[in-house]
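Here, residue 1 is the first one in the sequence, and each next residue gets the next number.
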Amino acid sequence: MSATGHDSAEPTTDAATAAAWRRRLRADRVLPPPSETDWRQASSFGAAADKPAMGSPGISAFDFTESQKAGPNATSYIASTAAPNASAHMAKSSASLLGSPESLKSPGAGSRFARPASAMALSAPVMDRPRVDSQPGPMTPRRLPIAEQKPGQRTAWGNTNQLLLIAILTVQTILSLRLVWSNTAFLDEAIYLSAGHVEIAHWLHGTPVPAYATYFSGAPVIYPPIGAIAYSIGGLAGARILSLIFMLGTTSLLWSLTSKLFGRQAAVCAAALFAILGPTLQLGAFATFDAIALFLLAASASCMVWSQDRDDSALPLLAGTVLLVLANATKYSTILFDPSVIALAGLAVAGKRGPKAAVARSGYVAAGVFSLISALLALGGPWYLAGVLYTTVSRAPGGSSALLVLTDSWKWIGLVCVIAAAGVIRCVVRRHDRVQVLILTVLAATGVLAPLNEARIHTTTSLSKNVDFGAWFAAAAAGYAISRLFQVGRRKSLHLAVTAVVLTVIAIPVGITGRTQASEIFHQWPNSARVTAQLRSLTRHYPGRYLAEDYDVPAYYLERTISWQRWSSTGYFSYAPPGASHTLTGPAAYRAAINRHFFSLIIIDFVDTPQTDNEIIADLQQTGSYQVVAVVPSSVGQYTIWAYKPPQESASRDGHR
C-alpha cells in the first residue's frame, strides 16, 4: 500500500472506532471503558478482519467529521461521571485505548499513532460486564442509626451515662436501706399507716373514720392507703422500701430533666449530688407521703420540659398539670413549688417559639392547675378546706428563730444551692441566651423557697423533709455548673476527666455528711420496741381505754388488738361526763375523765406536752386510784405507765402481800 493509501485508511479506522464508542454510549452512558486486559483480549480477534473500508456504505462524510470529536468527548464524559475511586482505573483504561507513548507510534510511521482495535473487538469482551441500569444520584448525608455508630460516639457515651446513673442509684439504695431497720416507727409514720388501714376499712366495710382531713397535711385518701398496702405486704420495712422506690424514681427524673436541659454530663452531676444528700437518704427510708409527693412533683416538671421537642405538646402538658395537682393533694405544702413548674413549662419553649408562646403556655398550665385544685376542694368539702388552711396556708408559727431555720437548712442543702447560684453567674458572665439564664435562675431560686417559708413561720418540725423538694430543682442547676465551670481546653476527653475529678471531690464529703445526717435524723425519736412489748402485755390485763402522749405509735403497733377509738392523746381531749349538758376540753376534761376512771392505762413521757403531763400526774395522785405499773427507759427519757386499780383489787393485793 502506498503512503497515500495508508494515510487515507487511518482516518477511516479512527471513524469506525469512534462510531462504535458512540453506539456504546447510547446503549449505556455510565459503563466505564474496558480495562487494559480487555484491550489485549480484544486484539486477539484480529484487526484486519474487522477493519471497515473507507468506502463502506455505513460511514458517511458527516459520520467521519463527528467521529473526530466523539473520541475525546466520550473520554471526557466517562471521566466526569465515573466514581472518585475509579479515577485511576479510568486513567489506565484511557491509556490502554490510546496506547502507551512508545506503542502508539507505528514501527515505520514515524510520528503516526498505531491503529487501535476495531469496534467489534472492543465490544465483545465487555458483554460479560455487570450492567448498570441508571446513573447513581448524589449522596445525601444522613444520621447513622444507633447500631451503625462507631464506638466512642454518642451511643457509647450514652451507655456510659446510663451505667453511671445505675451506679448512683445503687449507692442511694445502699445508704437508704441501712436506715430502714435502724429504728422503730416515727410518729408521722405511725399516723399515716394507721390512717391508711382505717381508710381501707371504711371503703370496704363502712367503718367510721376520724376527721383526718381536718389536721392532715395531705389528703388522707392518697398516700395512707398506699402505704398501708405496702405495710400489709412487708411490714414497716415494706412501707419504707416503697418510699425508697419513689425516691429512686425521683433521682432518675432529675437525670432525665437535666439531660434534656443541659446535657448528659450535667445530668450525671445533678443526680449524684441529689442522691447523697441527707434529706434524700432520709426520705428514702421514711414511710410518709413526702417521697411520693416529691416523685409526683418531679414527674410534673419533667413532663413540662419534655414537651419542648413535641409538635403536639397537649398530652405531656396535660399529664404534667394533673401530676402537679396530685402532688399538691398528696402534700399540701408542695403548692409552694407550683410557680417554678409553671415557669419551666413556658421557658422550655421560649427559645424556639418566642416569649409570647411561652407566656401563653404558662398561662394555660396555671389555669389548669387552679381549676383542678378548686374542683378537688369543692369535692372534698369543708373538712379538706379546713385542713389546707390549718396545716399550710395559715399554719400557726412555731418557736424556732429564723436564724436557726436557715442554719439547719444550710447544713442540709447549702452546698447545692451555692453551686447552683454559681451556675447562674457563669451563664450570665458568658452571655448565653436569656432563656437558659432564666431557666437556671428559676431552678436555683427554687432551692431556697422551703427554707425561707419555714423561716417565715419559725418552725423546724418538717424542715429536713421540706428542703429536699427545693434541692431537687437546685441540683439540676448545680449539675450544669459543675459540668461547665471547669472546662479546660477544647479536648472533650480532658473536659470529662476534669469534671469527673471535681464531681468526686465534691460528692465524697457530701455523701459522708449526708449519711451521717440521715442517721442522726433516724435516731431523734425514741425506739418504742420495749414500751410496745410492755403495753401488749398490760393491755391484756387492763382492757378499756388508754391515754398516751403521742398515742399513734402504740396504736399503730397494737392496731390488730385495739381499735383506734380506744386511744386518746395528751395533745387534745374532749370529754362529756355522764349527765352533763356540755363537753369539757383541756385540763378540765382530763381531770373529769381521771376522776371517773375513764382510762385503764395512762402513758406519760414528758416529751411533747410536758405541761399537760404534769397536770395529769397531779390529777392521778389526787385521785389515788391509779398506780405506776411500769417504767420503761428510752433514748430520750423514760415511759411511765399508770394503771387504774379498783379499791377491792388493791385491798386484796395488799392482804395477799
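Counted by atom type alone, Ser528 and Thr184 present one or more donor-acceptor pairs between their side chains at under 3.5 Å. Counted by atom type alone, Ser574 and Thr585 present zero donor-acceptor pairs between their side chains at under 3.5 Å. Side-chain contact of Gln282 with Ser464: a donor-acceptor pair under 3.5 Å is present, judged by distance alone.
Rounded to the nearest 0.5 Å, atoms CD (Glu454) and OG1 (Thr461) are 8.0 Å apart. Taking CG of Leu538 as the reference point, atom CD1 of Ile641 lies at 5.5 Å (rounded to 0.5 Å). Separation of atoms CZ (Arg596) and OG1 (Thr623) is listed at 12.0 Å; rounding is to 0.5 Å. Annotation: the span from Ser394 atom OG to Ile457 atom CD1 amounts to 10.5 Å, rounded to 0.5 Å. Once rounded to the nearest 0.5 Å, the distance linking CD1 of Ile222 with CD1 of Ile292 reads 8.0 Å. The line from CG of Asn328 to OG1 of Thr334 is 4.0 Å long, rounded to the nearest 0.5 Å.
At distances below 3.5 Å, not a single donor-acceptor pair connects side-chain atoms of His202 with backbone N or O atoms of Val209. Side-chain atoms of Thr214 come within 3.5 Å of backbone N or O of Ala211 as a donor-acceptor pair. In this structure, Ser401 contributes its side chain and Leu404 its backbone to a donor-acceptor pair below 3.5 Å. Thr513 places no side-chain N or O within donor-acceptor distance of the main-chain N or O of Val510, the cut-off being under 3.5 Å. At least one donor-acceptor pair closer than 3.5 Å links the side chain of Glu549 to the backbone N or O of Val607. Without hydrogens or angle criteria, Thr516 side chain to Ile512 main chain gives a donor-acceptor distance under 3.5 Å. Side-chain N or O atoms of Thr280 include none that pairs as donor or acceptor with a backbone N or O of Ile276 at under 3.5 Å.
Residues Tyr212 and Val198 meet the side-chain proximity criterion, which asks for heavy atoms closer than 4.5 Å. Side-chain contact between Val531 and Asp605: absent, with no pair of heavy atoms (C-beta onward) separated by less than 4.5 Å. Between Lys465 and Asp188, the closest side-chain pair of non-hydrogen atoms falls below 4.5 Å. Looking at heavy atoms from C-beta onward, Trp410 lies out of side-chain contact with Cys417 at the 4.5 angstrom threshold.
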Applying side-chain hydrogen bond (donor to acceptor under 3.5 Å, both in side chains), run through His597 and Ser625 and close with a yes or a no. CA-CA 8 Å; His597 313 134; Ser625 301; 3.2 Å; yes
Which is it for Thr612 and Thr570 under the side-chain hydrogen bond (donor to acceptor under 3.5 Å, both in side chains) test, yes or no, and what are the steps along the way? CA-CA 7 Å; Thr612 303; Thr570 58; over 6 Å; no
Criterion side chain to side chain contact (heavy atoms under 4.5 Å, CB included) on Ser194 and Asp552, from CA distance to verdict: CA-CA 8 Å; Ser194 298; Asp552 298 280; 6.0 Å; no
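Close placement of the Tyr231 and His197 rings is indicated, their centers lying within 6.0 Å of each other. For an aromatic pair to be called close, the ring centres must be under 6.0 Å apart, and Tyr644 with Tyr542 fails this. Phe522 and Phe286 have their aromatic ring centers within a separation under 6.0 angstrom. Close placement of the Phe573 and Tyr590 rings is indicated, their centers lying within 6.0 Å of each other.
For Thr330, there are no side chain to side chain donor-acceptor pair (under 3.5 Å) partners at least two apart in sequence or on another chain. Taking Thr391 as the reference, nothing meets the side chain to side chain donor-acceptor pair (under 3.5 Å) condition, with sequence neighbours excluded. For Asp613, there are no salt bridge (charged side-chain N to carboxylate O under 4.0 Å, His left out) partners at least two apart in sequence or on another chain.
Relative orientation of the Phe337 and Phe469 rings is parallel, given thresholds of 30° and 60° on the angle between their planes. Relative ring orientation between Phe289 and Tyr223 is described as perpendicular, the plane-to-plane angle rising above 60° on a 0-90° scale split at 30° and 60°.
Atom CD of Gln611 has 12 or fewer heavy atoms from other residues, nucleotides or ligands within 6.0 Å. Remark: Gln638 CD is packed, more than 12 non-hydrogen atoms of other residues, nucleotides or ligands lying under 6.0 Å away.
Between Arg240 and Glu189 there is a salt bridge, with a side-chain nitrogen of the basic residue lying less than 4.0 Å from a carboxylate oxygen of the acidic one.
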